[in-house]
Number of protein chains: 2
Amino acid sequence: MSSPSPKFELFTRFAEVGKALGNSHRLVILELLAQRERSVDDLASAARLSVANASQHLRLMRKVGLLVSRRNGAHILYRVNDPAVLDLVAALHRVGERNVAEVREIVGGYFRERDALEPVSRQELSRRMRDGLVTVLDVRPEDEFDAGHLPQAINAPLRELEKQLRDLPKDRDVVAYCRGPYCVFAFEAVALLRQHGFSARRLEDGFPEWKASGLPVD
Amino acid sequence: MSSPSPKFELFTRFAEVGKALGNSHRLVILELLAQRERSVDDLASAARLSVANASQHLRLMRKVGLLVSRRNGAHILYRVNDPAVLDLVAALHRVGERNVAEVREIVGGYFRERDALEPVSRQELSRRMRDGLVTVLDVRPEDEFDAGHLPQAINAPLRELEKQLRDLPKDRDVVAYCRGPYCVFAFEAVALLRQHGFSARRLEDGFPEWKASGLPVD
DNA sequence: AAACTATTCAACATAATTATTGAATGGCAT
DNA sequence: ATGCCATTCAATAATTATGTTGAATAGTTT
């Protein structure tokens with residue numbers, strides 16, 4: 001344990017990964033990239049960052065192994081390549097959610113009031129989909145839907161959801177999902193659906209978690 | 001997503017947890033506290049930090065929910081209270097190990113050369129312990145052993161291992177473990193045991209992982 | 001080859017983190 | 001109460017992170 005031991009150097013590398021997770025903009029980018037591959041300027045506008053700044057964040061995350069990139073024509077596309085990264089982000093969210101007092105307030109004050117009912121678990125939704133008893137609604141933007149979604153899911157981005165309501169069968173429960181457990185789209189969609197008389201709940205988390213757990217995707 | 005949305009604030013909290021993981025000294029402290037509860041000055045000397053500095057690191061980790069503390073007489077004792085934190089640290093190590101190129105070099109250059117054989121998995125060790133075919137060696141310091149260890153394990157801190165060698169049966173395999181997958185003690189112990197003619201391997205990870213996976217402890 | 005475009009780099013100002021020092025707090029024991 | 005000890009706080013200096021700007025690069029398209 002004297003001077004920089006090999007073990008301490010390892011821990012220094014691990015700490016670099018931690019540092020890379022230590023910025024909210026980067027966590028937003030990570031969530032976006034958990035949905036699908038995206039180019040730098042695409043990400044920059046989605047995360048409301050300058051291109052140069054987004055590029056720097058991306059470079060850092062690639063350096064510590066959270067992301068990989070490839071060239072496609074004029075664009076450089078980044079993505080999350082390692083399922084272990086999704087585990088890591090999920091674990092981070094879990095600890096954050098459970099333990100940070102202020103987070104509890106935000107979760108309680110904003111999210112819970114829009115979702116009196118408990119969310120649906122992946123297993124439960126999977127079972128009810130087999131029985132054909134449920135309408136599955138993907139409320140993410142169309143591009144993310146196209147890059148992969150739950151089987152039988154209907155894409156209904158929030159802005160267009162109101163128009164699509166008439167096409168949904170009223171006699172079936174609706175389960176809405178989006179990017180992940182803290183994605184506001186699903187909460188808003190459930191609120192809107194209930195206003196219009198639907199029996200609606202949200203999936204406990206989002207598409208990346210569904211896919212990572214080995215359940216089928218289209 | 002306009003201005004500080006509730007979701008972005010949540011991500012800011014998550015990022016604070018990430019930041020707390022973004023320092024190698026704090027990761028060392030976390031590993032120590034994954035073994036057992038410890039006081040501030042105890043930790044400070046174990047991690048080779050000043051007391052004031054250790055106190056600051058501990059306060060930060062407590063703030064974001066990685067640690068909790070309680071008073072015991074004149075001392076304040078810190079510990080890891082939430083199993084989700086162990087998951088998080090494990091996920092961090094996994095990503096770091098898999099993806100950071102320099103880590104691979106360190107692992108390859110230092111650890112692997114001391115451990116030609118593959119480590120033993122928890123399941124394998126558990127099975128062989130049931131069959132009574134193996135000597136289990138806990139090479140952590142005595143205080144950590146006393147706070148909890150694998151059933152039937154013999155405590156042999158590295159410094160005393162050489163003296164204890166004569167008491168170990170030579171006809172049985174030895175499996176050594178310590179604090180976690182990157183704890184040097186187990187590597188050193190295996191090297192020493194092999195020098196003395198034992199058939200020795202190390203457990204793939206350490207005591208906290210064993211305990212967290214629900215296996216029995218003494 | 002030239003013009004174009006997406007991305008990265010470099011330099012900078014600002015802000016945050018880190019470790020140190022020494023002082024302050026607040027239980028505990030005499 | 002008084003002194004003692006472990007811990008925390010406050011102030012500081014050095015280091016590192018962040019986001020902007022504008023320029024450089026490198027690959028594509030015309």
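Just so it is clear: chains get the letters A, B, ... in the order the sequence lines come, proteins before strands, and each one is counted from 1.
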With a 4.0 angstrom cut-off to heavy atoms of chain B, pull out the first and last contacting nucleotide of DNA chain D, in 5'-to-3' order.
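Under 4.0 Å from chain B, the extent on DNA chain D is D:dA6 to D:dC9.
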
Between [X] ([atom1]) and [N] ([atom2]), how many Å, whole number?
| X | N | atom1 | atom2 | value |
| --- | --- | --- | --- | --- |
| B:M61 | C:dT18 | CE | C1' | 14 Å |
| B:N72 | C:dG26 | CG | C1' | 16 Å |
| A:N53 | C:dC9 | CG | P | 14 Å |

B/S/- contact track for nucleotides 1-8 of chain C, protein heavy atom under 4.0 Å
-----SSB

is_close_aromatic(B:Y177, B:H149), centroid dist under 6.0 Å:
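Not close enough - the centres of the two rings lie 6.0 Å or further apart.
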
Is the ring centre of B:H57 less than 6.0 Å from the ring centre of B:Y78?
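Here the rings of B:Y78 and B:H57 have centres that are no less than 6.0 Å from each other.
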
Carboxylate-amine/guanidinium contact [X] [Y], below 4.0 Å:
| X | Y | answer |
| --- | --- | --- |
| A:E209 | A:R122 | no |
| B:R140 | B:D146 | no |
| A:R70 | A:E37 | yes |

Classify the ring geometry of B:F11 against A:H93: parallel below 30°, tilted from 30° to 60°, perpendicular beyond 60°.
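Ring orientation of B:F11 relative to A:H93: perpendicular.
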
Salt bridge (Lys or Arg N to Asp or Glu O under 4.0 Å) evaluation trace for B:R94 with B:D87
CA-CA 10 Å; B:R94 219 171 300 125; B:D87 287 349; over 6 Å; no

Does a sphere of radius 6.0 Å around CD in B:Q164 hold more than 12 heavy atoms from other residues, nucleotides or ligands, not counting ones at 6.0 Å or beyond?
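Above 12, so yes.
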
If you assign each of A:L49 and A:G73 to its closest nucleotide in DNA chain D, which residue comes earlier from the 5' end?
A:L49

